[in-house]
Amino acid sequence: MTQILSGREAADALLGTLSEQVSQLDPKLVVVQVGDDPASASYIKQKMKSCEKVGMRHEHKHLPADTTREQLFSLIEQLNADPDVTGFIVQLPLPDHLQPLVPQVIRAIDPKKDVDGFGAYNLGKVLLSREFEHLPPATPSGIIALMEHYKIDPAGKHVVVVGRSNIVGKPIALMLLNRDATVTVCHSRTPDLGVITRQADILIAAVGKPKLITADMVKDGVVVIDVGMSRTKDGLTGDVDFAGVEPKASAITPVPGGVGPMTVAGLLRNCVRAKERQKEQD
Ligand code: GUN
């Protein structure tokens, strides 16, 4: 029997552990949205809903699509300076005229308030060791929490990560290395992907290509974590051909209801951690 790794269940458990700290520390999360990307609207709704669930103060700042760079950077400065704001994120993607500025936007966010964990300071700490993973990016941190919830220990396992993005592939590879896994990272220039993915004890797919991973590309008993979430004519589709791969897997995440809710839980946990650290430095 294949175990379904429910992100909804694991996220509820993680959020449950946060509520007490939230009521003691009273952190506040701000989500900045520019424009009306439909996927962003749905992600933000999930984030706000989870804040309500744990009693975390939250604010959704929704700016129009024609917001100028000056207006966006001025808001970031304001949020950096506001002592009542514990952490904030700028939801991506930005409208076309601002999208090339994403690296500068990320750099402009105070590392102490960078609860997405996208900036060089917080990513750099992930490189050092597990003890320095203070504000890790929310998706990899959610994947680790999901594995912990289901008692999947990566130590000594061969983990194959497909995808090398700065926000999922690279940091999850480092975080698993920090937990004694043997890690292989594959990407769009990897020849014969299947030769590598078939060696995986744990396979993490994070490329955004619907159904890229097919049954012939995995070995029996593999644990599959699907980070992909593409909108196709069949609805939300992961990077893994679930129907084909599930019978061979010992455990697998569904899409939706797998990694997605864990990302939100990881973000809220970062907000609590940010507040803890800010209080220590008061
Ligand atoms: N767009 C899709 N996922 C994310 C996320 O985790 N953070 C931000 N800022 N934008 C996103």
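Count residues from 1 along the sequence. In listed order, ligands and their atoms are each counted from 1. For the numbers below, each heavy atom of this structure counts, side chains included, while hydrogens, waters and symmetry mates do not.
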Query - Pair Gln91-Lys47, side-chain donor/acceptor within less than 3.5 Å - result: yes
Query raised in the report: Cut-off 3.5 Å, side chains only: do Asp36 and His62 have a donor facing an acceptor?
Result: yes
Query raised in the report: CG/Leu98 to CD/Gln104 distance, rounded to the nearest 0.5 angstrom?
Result: 10.5 Å
Query raised in the report: Which distance, rounded to the nearest 0.5 Å, do you find between the CE of Met262 and the CG of Leu15?
Result: 8.5 Å
Report task. Check the surroundings of atom NZ in Lys209: do more than 12 heavy atoms from other residues, nucleotides or ligands lie under 6.0 Å from it? Result -> no
Query raised in the report: Quick check: does Ile89 get an N/O under 3.5 Å from an N/O on ligand 1?
Result: no
Report task. Please confirm whether Gln91 comes within less than 3.5 Å of ligand 1 when only nitrogen or oxygen atoms on both sides are compared. Result -> yes
**Report entry** Nearest non-hydrogen protein atom, atom 10 (N) of ligand 1
**Finding:** Leu92 N, 2.9 Å
Report task. Give the atoms of ligand 1, by number and element, whose distance to some non-hydrogen atom of Val90 is under 4.0 Å. Result -> 8 (C), 9 (N)
Query raised in the report: What part of Asp116, side chain from CB on, backbone N/CA/C/O, both or neither, has a heavy atom under 4.0 Å from ligand 1?
Result: side chain
**Report entry** ligand 1-proximal atoms of Ile167, by part, heavy-atom distance under 4.0 Å
**Finding:** neither
